[in-house]
Amino acid sequence: SQQGEEDPQALSIQEGENATMNCSYKTSINNLQWYRQNSGRGLVHLILIRSNEREKHSGRLRVTLDTSKKSSSLLITASRAADTASYFCATVNNQAGTALIFGKGTTLSVSS
Amino acid sequence: GAVVSQHPSWVICKSGTSVKIECRSLDFQATTMFWYRQFPKQSLMLMATSNEGSKATYEQGVEKDKFLINHASLTLSTLTVTSAHPEDSSFYICSARVIREGSYGYTFGSGTRLTVV
């Protein structure tokens, strides 16, 4: 099962530009997490935002959470070619166990 | 800290054979591990939740007799793909839950690329 949708599915930008990815989810949550995956590799945890937080920053990352709309966004500022990867939001469905359920992901391509 | 080691990183096997994938928590005890499957250009799909000392819980549509999960210790969970077929070719990733930032976080193995020929 998947929690929801991410958009865009694919995003191509130039180095230095900002990249914004959106995620929607379906159930009540305690927190929402963003992960990065380089092609054919494992996942790297980027940032966690709790349900009582509206915005969180970590370096060039900015995450927002709107629980009324069941949506979140990830902003990467001043993107670099090394940011090229797939990005997934993930939540735990409070009613169904403790596993992370992932969105469909956004594939980001940053060209130099 | 909180590292999960997954092996092998890739494997090629013949149709009809079985393949075992291991995930070990190196510096913590993992009472619960999760197994995901990821097809090319798609997201991770949860296959099953593995609990130490008890039977795994499989997601709807996942054949428990085909994907055998064993979690016999607090540091090791294994996924065995039995009688593999080409359609089982995929990227398999394990994950364990850890405490992070005062809440639960998750750490992932580096994945296993399975190709069945």
Side-chain angles (χ1 to χ4, degrees), chain A residues 1-11 21 23-25 27 29-53 56-58 63 65 85-94 96-109, chain B residues 1-10 21 23 30-51 56-62 69 77 89-115:
Chain A
S1 60
Q2 285 184 292
Q3 219 2 334
E5 302 284 330
E6 266 140 296
D7 73 272
Q9 290 187 4
L11 180 60
M21 290 160 266
C23 161
S24 63
Y25 57 93
T27 63
I29 60 171
N30 290 325
N31 61 65
L32 183 143
Q33 306 178 40
W34 284 89
Y35 288 84
R36 166 196 168 119
Q37 184 184 35
N38 285 6
S39 180
R41 305 291 295 275
L43 275 79
V44 175
H45 177 261
L46 294 177
I47 193 166
L48 178 154
I49 185 166
R50 294 191 178 91
S51 60
N52 62 354
E53 297 176 309
K56 195 166 182 178
H57 296 254
S58 176
V63 169
L65 179 64
S86 292
Y87 293 83
F88 299 93
C89 69
T91 60
V92 176
N93 182 333
N94 283 336
T98 59
L100 272 180
I101 304 299
F102 288 85
K104 292 186 177 180
T106 294
T107 299
L108 174 65
S109 176
Chain B
V3 175
V4 170
S5 175
Q6 183 171 347
H7 293 281
S9 56
W10 61 270
I21 301 170
C23 271
T31 55
T32 303
M33 281 197 177
F34 310 97
W35 288 93
Y36 295 85
R37 177 168 55 184
Q38 184 179 32
F39 292 109
K41 300 188 186 301
Q42 294 188 24
S43 185
L44 285 76
M45 297 295 292
L46 179 68
M47 299 176 66
T49 299
S50 128
N51 297 296
T57 302
Y58 290 81
E59 293 299 298
Q60 191 173 7
V62 178
I69 290 174
S77 177
S89 298
S90 187
F91 192 60
Y92 293 87
I93 307 176
C94 63
S95 173
R97 195 171 66 155
V98 295
I99 300 296
R100 174 181 287 136
E101 299 180 38
S103 181
Y104 286 110
Y106 297 78
T107 186
F108 290 82
S110 54
T112 298
R113 173 81 53 198
L114 170 64
T115 303

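Lettering follows sequence order; numbering is per chain, from 1. Keep in mind that this is a model prediction, so the values were computed, not measured. Hydrogens, waters and symmetry mates play no part in the numbers below; they use all other heavy atoms, side chains included.
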CD1 (Ile101(A)) and OG (Ser43(B)) are apart, to the nearest 0.5 Å, by 9.5 Å

> Heavy-atom count around Arg113(B) CZ within 6.0 Å, excluding the residue itself: above 12?
Replying inline: yes

Contact between Phe102(A) and Gln38(B) at the side-chain level, heavy atoms closer than 4.5 Å - yes or no?
no

Note: Gln42(B) and Phe88(A) closest approach over all heavy atoms is O-CZ, 4.2 Å

Exactly one candidate in Val92(A), Thr98(A), Leu100(A) meets side chain to side chain contact (heavy atoms under 4.5 Å, CB included) with Arg97(B); the answer is Thr98(A)

With a 4.5 Å limit on heavy-atom distance, are the side chains of Gln37(A) and Phe108(B) in contact? no

Residue set satisfying side chain to side chain donor-acceptor pair (under 3.5 Å) with Ser5(B), at least two apart, ordered chain then number -> His7(B)

